[in-house]
Amino acid sequence: MEFSREELTEARRQIGSTLHKLRETRKTLEGKERPERYRSQITLAARRIRALEIAEALIARELERE
């Protein structure tokens, strides 16, 4: 599937915004009085962060090829 440079750039911007929000959410949950109560949410946020970091890296690689 082919994507335009504009689509890739916008996707990277959206991913960056979502990553920022997820990282802040994870920090908030980890900073709670009893963070172990939020372990599943913290784990899910960490997995989503990693997936989006991979997507961001792949987009960057694609943009460098052009």
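In what follows, residues are counted from 1 in the order of the sequence shown. Predicted model, so just to flag it, every value in this text is computed and none were measured.
Summarising the geometry, atom CZ belonging to Arg39 is positioned 6.5 Å from atom CD belonging to Glu30; distances are rounded to the nearest 0.5 Å. The distance from the CD1 atom of Ile59 to the CZ atom of Arg13 is 12.0 Å, given to the nearest 0.5 Å. Thr18 contributes atom OG1, which lies 10.0 Å from atom CD of Glu56 (distance to the nearest 0.5 angstrom). Between Leu44 atom CG and Ile49 atom CD1 the span is 9.5 Å, to the nearest 0.5 Å. Distance check, rounded to the nearest 0.5 Å: NZ of Lys27 to CD1 of Ile42 gives 13.5 Å. Put simply, CD on Glu62 and CD on Glu2 are 7.0 Å apart, with the number rounded to the nearest 0.5 Å.
With respect to the salt-bridge test (charged N to carboxylate O, under 4.0 angstrom), the residues Glu53 and Arg50 qualify.
Atom CZ of Arg47 has 12 or fewer neighbouring heavy atoms from other residues, nucleotides or ligands inside a 6.0 Å radius. Around the CZ atom of Arg5, the shell of radius 6.0 Å holds more than 12 heavy atoms that belong to other residues, nucleotides or ligands.
Smallest separation of non-hydrogen atoms from Pro35 and Lys32: CD-O, 3.1 Å. Here the shortest heavy-atom pairing between Ile15 and Leu52 reads CG2-O, 3.6 Å.
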